[in-house]
Novice: 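Starting off with a structure, shown below.
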Amino acid sequence: MEITSEHIDVIQEMINIGVGQAANLLNSLSGKHVKLSVPIVQIITPEQLLDFFKNHSVLDNLSSVTLTFSGPLSGSSKLIFSTESASKLVMAFTDQTQDELDFDEIQAETLSEIGNIVLNSLVGSLANLLNINLNYSIPLYLTGTIDQILSADLSFKDDGIILLARTHFSIESLAIEGDFILFIDLKSVPDFVKSLDKFIQEGGFFTK
Amino acid sequence: MEEKYLQFQIFNSIPIGICIINTNFQIIFWNKQLEIWTNIHSNDIVGKNLFESFSHLNSPRYIIPISSVLDGGPPVVFSTQLHKSFFPSYLPNMQPRLLHTTVSHCTCPLLNENFAVISVEDYTYLSYRIKEHKRMRDQALQEVERRKKAEEDLRKSEAQLRELNATKDKFFSIIAHDLKNPIGAFKNVLELLYENFDEFSKEEILEFIEPLKESSTQLFSLLENLLIWARAQTGRIQLEFVEFNLINLIENNVSLLKLQAENKQIQLLTEIPEKLMVFADLNSINTVIRNLISNALKFTYPGGKITVSAKEQDDFALVCVEDTGMGMNEETKSKLFRIDAHHTSLGTNQEKGTGLGLIICKEFVEANGGKIWVESEEGKGSKFFFTVPLAKTHND
């Protein structure tokens, strides 16, 4: 049972709904106009994921927030930033200046909240629309290389499916990019595909 | 506390604050750590509504995410920088504690009830330690900066002392050799003439006097340079920057030294435009030109040629005194403008020098905002270059 391009279109749409919710929550939290977008969702292999980070990010200095889930669908979702982007994001929310900002545990804790809001909205939107109940772990903040971040996540296995999308945060004049990763455990893939098929058969977004 | 909730008492023995609410937002458990942090006893809070007991939480910002968690949604984080503490709590010094809060869903299958677990971690001391660490790091950085500056000051002061010492050595060396020897020779010749005046013919007396005349000219020039230099060292030379035509200055010096050049059978030529306005101190630049031409005369063989040229280059006037004289090797060149490297050479007619002239030239050119350098090849002659800032407006 494979994920088809039609499934990806549906996932993309679900994530877009979640993005809208996340932007609203971030707006009310920061009191600023936050624009959030996730342009394209793509399915990739673990090797491609590593290549993506090698080509697009500072490999040694990443900050991540992970939300692990289990139940009818098991896996994890991650939001990964370069530490510089993470600093800028926290700076925008806390009105700190660059001089004061020295990324430490307190700032990491703030990034955990911001990342948690985004991940909750994206994963929550998927779970709500597919009408499945998930059990979630407490969000986990991690820094390090992409290898360290991935190896610290027990739910992340080489044989699962990885959905990758770059997120864009626009907060007033500031533009910050992070990467959203949704990892679905291989054992969950058939159920995930069934849930997507069911959603499509039931009329998809037209009935929601 | 209702008996069915007694199982939650296990949370009394952990060092984080735990509050559990049911789907009606009613507080059903309040652990010991929260009692300590908030001074609110479990008996006084259990059974009450969360939003009534803590009115600052009664806003959509908290109600919506907490409701979502109770409905089985993902956990929600409330960080210390973006929120007031969930439950007000103060340190003994009345400073508020920084409490990091996570609200997560919990289903109890035995009771068939859904709850939200509000777990609270104290970040106050962590924050304090981070601030203290940053303060100490900043202090250490300041100290490093201060020491670097002190070392730099010490280096500068040491260099100044070295230069002062070299200046003093140079001064004594000139007095000891370059002044004492010719004056000593004067004394000897004059004593000889005085004591045996009647024994010498007019022609013989003239023979004695002629080298004295040559020597006195050189001595006078040396004294002049020495005075200028001494005044420059004691800061008594005030440079007066004005706009003037550098070409006039070159022509004046060339015509003054023309006779000396002819006596040594040296051609003294110029390659200069009509006008080259510069902004500098006239007297010091005059000294530089005179010294460089005198130097060229000293080191050029009879039959040789000296050419003084000048032109515009970027924002400067570039002056070159080129001779076809004896030239210099690399070692001599490296010692030329340095007060700490003693160097003098005899001229092509055994003219004596002190090396002071070029040191004065360097000081004056640099004081006027220009540069001085030399290109030379042993046996082929030398080219001395220096620059003077152009006047801003008068070279159109």
Side-chain angles (χ1 to χ4, degrees), chain A residues 18 21-22 24-32 65-71 76-77 89-96 99-128 131-141, chain B residues 14 16 18 59-86 97-109 114-138 141:
Chain A
Q21 288 170 1
N24 283 342
L25 287 171
L26 294 175
N27 271 334
S28 64
L29 182 67
S30 66
K32 289 171 183 160
V65 183
T66 300
L67 182 70
T68 308
F69 48 85
S70 60
S76 63
S77 60
L89 192 63
V90 173
M91 186 172 73
F93 273 80
T94 55
D95 289 328
Q96 283 171 307
D99 289 347
E100 291 170 55
L101 200 78
D102 195 352
F103 213 71
D104 58 39
E105 284 89 339
I106 296 293
Q107 271 93 14
E109 183 225 354
T110 312
L111 185 74
S112 290
E113 178 173 355
I114 299 166
N116 183 239
I117 289 170
V118 177
L119 292 176
N120 284 0
S121 301
L122 301 191
V123 180
S125 154
L126 225 72
N128 284 342
N131 204 16
I132 49 177
N133 285 320
L134 300 175
N135 303 315
Y136 300 94
S137 67
I138 302 291
L140 174 72
Y141 173 82
Chain B
I14 59 169
I16 60 170
I18 296 284
S59 103
R61 188 173 167 179
Y62 296 97
I63 295 171
I64 293 169
I66 294 172
S67 300
S68 154
V69 169
L70 280 166
D71 285 345
V76 184
V77 174
F78 297 94
S79 63
T80 54
Q81 283 195 308
L82 300 178
H83 300 271
K84 273 203 272 182
S85 282
F86 232 66
R97 277 179 201 278
L98 299 172
L99 298 178
H100 171 88
T101 306
T102 308
V103 184
S104 53
H105 180 81
C106 165
T107 301
C108 193
N114 287 328
F115 306 106
V117 178
I118 304 171
S119 47
V120 184
E121 291 169 82
D122 189 358
Y123 273 48
T124 318
Y125 291 107
L126 175 65
S127 164
Y128 173 76
R129 279 202 302 273
I130 289 170
K131 276 187 188 153
E132 189 60 13
H133 166 78
K134 284 183 180 170
R135 193 185 61 76
M136 284 166 67
R137 185 198 59 189
D138 290 347
L141 284 175

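Values below: every heavy atom of this structure, side chains too, minus hydrogens, waters and symmetry copies. A, B, ... follow the sequence lines: proteins, then strands. Residue 1 opens every chain.
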Novice: Does A/N133 have more than 12 heavy atoms from other residues, nucleotides or ligands lying within 6.0 Å of its CG?
Specialist: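 Result for CG/A/N133: open.
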Novice: Once you round to the nearest 0.5 Å, how far does OG of B/S79 lie from CZ of A/F93?
Specialist: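 So the gap between those two atoms works out to 10.0 Å.
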Novice: Go through it in stages, so that I can follow the logic: the residues are B/T80 and A/T110, the test is side chain to side chain contact (heavy atoms under 4.5 Å, CB included), and I'd like the CA-CA distance, side-chain angles, deciding distance and then a yes or no.
Specialist: CA-CA 7 Å; B/T80 54; A/T110 312; 5.6 Å; no
Novice: Give the C-alpha distance, both sets of side-chain angles, the deciding distance and a yes or no for side chain to side chain contact (heavy atoms under 4.5 Å, CB included) between B/Q81 and A/E113.
Specialist: CA-CA 10 Å; B/Q81 283 195 308; A/E113 178 173 355; over 6 Å; no
Novice: Is it the case that the side chain of A/N120 and the backbone of B/P75 share a donor-acceptor pair, with hydrogens and angles ignored and the cut-off at 3.5 Å?
Specialist: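 Yes, A/N120 side chain to B/P75 backbone: donor-acceptor pair under 3.5 Å.
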Novice: Can you measure from CG (A/N128) to CG (B/D71) and round to the nearest 0.5 angstrom?
Specialist: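 So the gap between those two atoms works out to 9.0 Å.
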Novice: Indicate the atoms forming the closest heavy-atom contact of A/N116 with B/V77, along with that distance.
Specialist: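 Closest approach of A/N116 to B/V77, heavy atoms only: OD1-N, 3.1 Å.
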Novice: Would you check if B/T107 and A/N135 make a side-chain contact, meaning some heavy-atom pair closer than 4.5 Å?
Specialist: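 No, their side chains stay 4.5 Å or more apart.
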Novice: Tell me, with the steps shown, if B/Y123 and A/E109 meet side chain to side chain contact (heavy atoms under 4.5 Å, CB included).
Specialist: CA-CA 10 Å; B/Y123 273 48; A/E109 183 225 354; 3.7 Å; yes
Novice: Is B/H105 close to chain A through its backbone or its side chain, or both, or neither, when contacts mean heavy atoms under 4.5 Å?
Specialist: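 Contact with chain A: none, neither part.
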Novice: Can you say whether A/I114 sits under 4.5 Å from chain B via the side chain, the backbone, both, or neither, judging by heavy atoms?
Specialist: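 Contact with chain B: side chain only.
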Novice: Heavy-atom cut-off 4.5 Å, strictly under: side chain, backbone, both or neither for B/H83 against chain A?
Specialist: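 The side chain, not the backbone.
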Novice: Between A/L67 and chain B, which part of the residue has a heavy atom less than 4.5 Å away: side chain, backbone, both or neither?
Specialist: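 For A/L67, the contact with chain B is made by the side chain alone.
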Novice: Tell me, do B/P74 and A/L119 make a side-chain contact under 4.5 Å, heavy atoms counted?
Specialist: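 Counting from C-beta outward, B/P74 and A/L119 never come under 4.5 Å.
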